[in-house]
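A quick write-up on the structure given underneath.
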Amino acid sequence: MSRRLTAICASLVLAGGIAGVTWWLTAPAAPADEALADLPVPPYPPRIAEGSEYETCLDTLAGDPTGAVALAETWQADGGGDGALHCRGLALIALGNPASGAELLERVAQQSSAPALARASVFGQAAQARLMVAQEDPAAADKAAEDASKALDLSPADTEFFMMRATAESILGRFDKAVDDVSATLRLDAARPDALVLRAEMRRKLNQLDLAQADVTRALTLDPDDPDALLERGILRQRMGDPAGARADWERARGVDPDSTTADLAQQNLSLLEAGPERQ
C-alpha cells in the first residue's frame, strides 16, 4: 500500500530532523472506499458459513451494500446465525461504518464453531476495519491490535496478521512491538519489501538509523522502484545530512507512481527542501 502499514489500511506520521529542523511527513488516511479495496469483501475462503443465502448476501456486497444489510437482517430474523451476522458486518463496513461492522465481525469470530482458519480470517477482517479509523481513534488501534492477536492465536504463521498488528502498534507509538511483529513477518517471508520498509520506519522512529538504512537497502534490492522504499530512504538521507540524496529519492518516488499518496508525500518533502530551513 502506498505508505503501507498496510493494508493494510493505516497511515503513519513520519518525523525526521537535521540541524534543529523537524520535518513532519504525514500520510493522510485512505478514504473509506479506497480502504475497502484492501478489505476482503466478499471474504476469501475459508467461509464462516455455508449455504445459498450466505453466498447471495456476500455477492450483493460489492454492488449494493445497503441491499446486503437488508438481506442479512431479514435472514438473521429467520435464524441466519453467524453467516447473517458476518455478511451484515461486512456490509456495514462497506457503507462507511467500520466500528459497527467490526463489532459484529468480532462477535462472529468469537462465538462461531467454524474451523480455526475461518475464525482467524474474520478476526483479521475486524482488525482491518478498525485500522480504517485508527489514525483518528487510538481506541480503534488498540482493538485492531487485539483482533490481530486473536487471529494469530488461531493462525500463528499468517504474515498479514503480523503486519496488521504491527500497523496498530505503530499508530499507538509502540515501535518496539511493531518491529517485533514485522521481524516475525520477515522470518516467515524474507522477500517482502513492504515489511522491510515498515521496519525501517519503526527503527528510524527508535533512532536506530543504521538498522533502518539496512532495511531500506534490502527493500530496494528486492524492488529498485518501490516508491515507499524510495520515500523512506529519502527521509533517512535527509536525517543523516544528505539533502541531495534525499531529493533524488523523492523525485524518483514521485515519478514511479505520480497519482499515489506516496508521490504526494514526496512532493511535500521536496517543497520543504526547496523552501529552506526558514520555511521548515
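The basis for the numbers below is simple: all heavy atoms, side chains too, and nothing from hydrogens, waters or symmetry mates. Along the sequence shown, the residues carry numbers beginning at 1. What you see is a predicted model; the values in this text were computed from it and never measured.
- Scanning for side chain to side chain donor-acceptor pair (under 3.5 Å) contacts around R233 gives D249, with sequence neighbours left out.
- Applying the disulfide bond (SG atoms under 2.5 Å apart) test to residues at least two apart or on different chains, none of the pairs has a partner in residues 167-216.
- For the salt bridge (charged side-chain N to carboxylate O under 4.0 Å, His left out) test, residues two or more places apart in sequence or in another chain that qualify with R247 are E274.
- Residue pairs meeting the disulfide bond (SG atoms under 2.5 Å apart) criterion with at least one member in residues 159-261: none, sequence neighbours excluded.
- The CD atom of Q213 sits 8.0 Å away from the CG atom of D210 when rounded to the nearest 0.5 Å.
- By the side chain to side chain donor-acceptor pair (under 3.5 Å) test, T60 pairs with no residue at all, sequence neighbours left out.
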Chi angles and distances behind the side-chain contact (heavy atoms from CB on, under 4.5 Å) call for D64, T66: CA-CA 5 Å; D64 183 12; T66 300; 3.9 Å; yes

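- How far CG of L196 is from CG of L186: 5.0 Å, rounded to the nearest 0.5 Å.
- Listed by chain and residue number, D78 satisfy the side chain to side chain contact (heavy atoms under 4.5 Å, CB included) test with T74 (two or more places apart in sequence, or in another chain).
- For the side-chain contact (heavy atoms from CB on, under 4.5 Å) with T262, the lone residue among L230, D226, L231 that qualifies is L231.
- Applying the side chain to side chain contact (heavy atoms under 4.5 Å, CB included) criterion to A84, with sequence neighbours excluded, gives W75, Q76.
- Here disulfide bond (SG atoms under 2.5 Å apart) pairs that include residues 83-121, with residues two or more places apart or in two chains, are C57-C87.
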Between R252 and D225, does a salt bridge (charged side-chain N to carboxylate O under 4.0 Å, His left out) hold up when you go through it step by step? CA-CA 8 Å; R252 188 171 162 200; D225 291 321; 3.2 Å; yes

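- Contact check for M132 versus I93: side-chain heavy atoms found under the 4.5 Å cut-off.
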Stepwise salt bridge (charged side-chain N to carboxylate O under 4.0 Å, His left out) test for E106 and R130: CA-CA 11 Å; E106 289 157 357; R130 296 293 187 186; 3.0 Å; yes

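- Listed by chain and residue number, A116, R119, A120, F123 satisfy the side chain to side chain contact (heavy atoms under 4.5 Å, CB included) test with L154 (two or more places apart in sequence, or in another chain).
- Partners of L211 according to the side chain to side chain contact (heavy atoms under 4.5 Å, CB included) rule, which considers only residues two or more places apart in sequence or in another chain, are R203, Q208.
- Taking CZ of F162 as the reference point, atom CD of E169 lies at 12.0 Å (rounded to 0.5 Å).
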With a cut-off of 3.5 Å and sequence neighbours excluded, list every side-chain donor-acceptor pair involving residues 138-149.
residue : atom : partner : partner atom : Å
D142    : OD1  : R174    : NH2          : 3.2
E146    : OE2  : K150    : NZ           : 3.3
S149    : OG   : A145    : O            : 3.0
S149    : OG   : R165    : NH1          : 3.0

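- Side chain to side chain, T159 and D189 fail the donor-acceptor criterion of an N or O pair below 3.5 Å.
- In this structure, the separation between CG on D215 and CG on L236 is 9.5 Å, given to the nearest 0.5 Å.
- Counting only residues at least two apart or on different chains, no disulfide bond (SG atoms under 2.5 Å apart) pair has a member in residues 158-244.
- In the hydrophobic cluster analysis, where Ile, Leu, Val, Met, Phe, Trp and Tyr join through side-chain heavy atoms closer than 4.5 angstrom, L265 is grouped together with L273.
- In summary, the side chains of N269 and R254 do not present any donor paired with an acceptor at a separation below 3.5 Å, with no hydrogens or angles considered.
- Annotation: the span from R199 atom CZ to S183 atom OG amounts to 4.0 Å, rounded to 0.5 Å.
- Exactly one of L105, L104, V122 qualifies for a side-chain contact (heavy atoms from CB on, under 4.5 Å) with L85. That residue is L104.
- Side-chain contact of S100 with N97: a donor-acceptor pair under 3.5 Å is present, judged by distance alone.
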